[in-house]
A.B. asks: 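One structure follows; several queries about it will come next.
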Amino acid sequence: QVQLVESGGGLVEPGGSLTLSCTASGGTLDYYAIGWLRQAPGKEREGVSRINSRGTNTRGSTLYADSVKGRFTISRDNAKNTVYLQMNSLKPEDTAVYYCARGLDNSWLPHEYDSWGQGTQVTVSS
């Protein structure tokens with residue numbers, strides 16, 4: 001079964017940037033959608049962004065939560081079996097544990113994903 005590992009989290013100032021990586025082992029990501037989701041203290045896990053698989057009909061299409069549109073960019077490098085989340089103009093409200101997850105194309109809600117990474121902490125504070 002595929003294992004997903006996130007990396008790249010840390011502490012950044014408001015307005016700063018951070019890039020998260022999600023790398024798979026034990027399987028490939030190219031036939032699955034990969035989502036980034038986050039969970040802040042006391043809040044439910046929510047979708048941040050998603051990129052679809054290399055499948056014909058929905059190849060590479062992306063989706064972003066309204067709260068991060070224009071600031072975050074999701075991308076994938078199938079040769080490296082890795083998905084990235086470039087986060088710019090970070091705000092304190094972006095503080096959360098960020099998870100990557102694997103699912104079928106167009107997955108969005110947490111229950112729609114079938115495999116998860118361990119999470120990486122992103123803290124945005126002055």
Side-chain angles (χ1 to χ4, degrees):
Q1 189 171 349
V2 66
Q3 298 278 87
L4 304 179
V5 178
E6 303 97 334
S7 62
L11 174 64
V12 296
E13 298 285 331
S17 298
L18 207 59
T19 299
L20 306 182
S21 299
C22 174
T23 299
S25 62
T28 62
L29 299 178
D30 52 353
Y31 294 108
Y32 295 91
I34 300 297
W36 285 99
L37 304 94
R38 67 188 182 187
Q39 188 165 18
K43 299 179 66 177
E44 297 295 319
R45 193 169 298 183
E46 64 177 1
V48 175
S49 185
R50 186 214 66 235
I51 185 165
N52 277 340
S53 73
R54 65 190 298 268
T56 300
N57 292 339
T58 59
R59 183 178 296 168
S61 64
T62 59
L63 183 66
Y64 298 91
D66 288 342
S67 59
V68 307
K69 285 181 180 177
R71 300 189 296 120
F72 291 10
T73 302
I74 190 170
S75 62
R76 64 192 303 161
D77 185 339
N78 289 325
K80 296 182 178 179
N81 218 20
T82 299
V83 174
Y84 304 94
L85 185 67
Q86 175 66 49
M87 305 185 294
N88 298 322
S89 302
L90 284 162
K91 306 174 181 179
E93 62 212 60
D94 295 317
T95 295
V97 177
Y98 283 70
Y99 301 87
C100 67
R102 186 192 74 176
L104 300 178
D105 281 349
N106 300 323
S107 292
W108 184 251
L109 300 175
H111 73 265
E112 296 178 296
Y113 295 92
D114 63 5
S115 186
W116 294 80
Q118 82 289 348
T120 185
Q121 177 71 47
V122 172
T123 302
V124 185
S125 176
S126 60

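Remember, it's a predicted structure, so these values are computed and weren't measured experimentally. Just the heavy atoms: all of them, side chains too, but no hydrogens, waters or symmetry mates, feed the values below. Numbers for residues simply follow the sequence, beginning at 1.
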A.B. asks: Looking at Tyr98, I'd like to know if its OH atom is crowded, meaning that more than 12 non-hydrogen atoms belonging to other residues, nucleotides or ligands lie closer than 6.0 Å.
C.D. replies: yes

A.B. asks: Are Val5 and Tyr113 linked, directly or through intermediate hydrophobic residues, by side-chain heavy-atom contacts shorter than 4.5 Å (ILVMFWY only)?
C.D. replies: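 Tyr113 and Val5: separate clusters.
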
A.B. asks: If every non-hydrogen atom of Ala96 is compared with every non-hydrogen atom of Ala40, which pair is closest and at what distance?
C.D. replies: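 Looking at all heavy atoms of both residues, the closest pair is CB-N, 3.8 Å.
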
A.B. asks: Might you point out which heavy atoms bring Met87 and Val122 nearest each other, and give the distance in Å?
C.D. replies: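 Closest pair (atom of Met87, atom of Val122, distance): CE-CG2, 3.9 Å.
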
A.B. asks: If you round to the nearest 0.5 Å, how far is CZ of Arg102 from CD of Gln1?
C.D. replies: 6.5 Å

A.B. asks: If you count heavy atoms of other groups shown closer than 6.0 angstrom to CD of Gln3, is the number above 12?
C.D. replies: no

A.B. asks: Using a 4.5 Å cut-off on heavy atoms from C-beta on, say whether the side chain of Tyr31 contacts that of Arg54.
C.D. replies: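 Heavy-atom side-chain distance check passes, below 4.5 Å.
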
A.B. asks: Taking all atoms of both residues into account, what is the closest heavy-atom pair of Thr95 and Gln121, and its distance?
C.D. replies: CG2-NE2, 4.0 Å

A.B. asks: Taking atom types as modelled and ignoring hydrogens, do the side chains of Ser126 and Glu13 form a donor-acceptor contact shorter than 3.5 angstrom?
C.D. replies: no

A.B. asks: Is the count of non-hydrogen atoms from other residues, nucleotides or ligands lying under 6.0 Å from Glu44 atom CD greater than 12?
C.D. replies: no

A.B. asks: Given 3.5 Å as the limit, does a donor-acceptor pair link the side chain of Asn52 with the main chain of Asn106, or not?
C.D. replies: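 Judged by distance alone, yes, a pair lies under 3.5 Å.
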
A.B. asks: Any idea which heavy atoms bring Leu90 and Arg71 closest together, and the distance?
C.D. replies: CA-NH1, 3.8 Å

A.B. asks: Check the angle between the aromatic planes of Tyr99 and Trp116 and answer parallel, tilted or perpendicular using the 30° and 60° thresholds.
C.D. replies: perpendicular

A.B. asks: Would you compute the distance between atom CZ of Phe72 and atom OG of Ser67 and round it to the nearest 0.5 angstrom?
C.D. replies: 7.5 Å

A.B. asks: Restricting to non-hydrogen atoms, name the atom on Ser17 and the atom on Gln86 that form the minimum distance, rounded to 0.1 Å.
C.D. replies: CB-NE2, 3.9 Å

A.B. asks: I'd like to know if Tyr84 and Leu20 are part of one continuous hydrophobic network [Ile/Leu/Val/Met/Phe/Trp/Tyr, side-chain heavy atoms within less than 4.5 Å].
C.D. replies: no

A.B. asks: Is there a path of hydrophobic side-chain contacts, each under 4.5 Å between heavy atoms, that joins Val68 and Val12?
C.D. replies: yes

A.B. asks: Distance from Thr120 atom OG1 to Arg38 atom CZ, nearest 0.5 Å?
C.D. replies: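 Reported value, rounded in 0.5 Å steps: 14.0 Å.
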
A.B. asks: Should Leu37 and Leu63 be counted in the same cluster of Ile, Leu, Val, Met, Phe, Trp and Tyr side chains packed under 4.5 Å apart?
C.D. replies: no

A.B. asks: Side chains of Tyr64 and Thr73: closer than 4.5 Å at any heavy-atom pair?
C.D. replies: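 Yes, close enough: below the 4.5 Å cut-off.
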
A.B. asks: If we count only N and O atoms by modelled type, under 3.5 Å, do the side chains of Thr23 and Thr82 hold a donor and an acceptor together?
C.D. replies: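 Their side chains do contain a donor-acceptor pair, which is all the 3.5 Å distance test asks for.
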
A.B. asks: For residues Ile51 and Val83, report the shortest heavy-atom separation together with the two atoms involved.
C.D. replies: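 The answer is CG2-CG1, 4.1 Å.
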
A.B. asks: Hydrophobic clustering (ILVMFWY, side-chain heavy atoms < 4.5 Å, transitive) - are Ile34 and Val48 grouped together?
C.D. replies: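 Yes; Ile34 is reachable from Val48 via cluster members.
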
A.B. asks: Is any side-chain N of the basic residue among Asp94 and Lys91 closer than 4.0 Å to the acidic one's carboxylate O?
C.D. replies: no

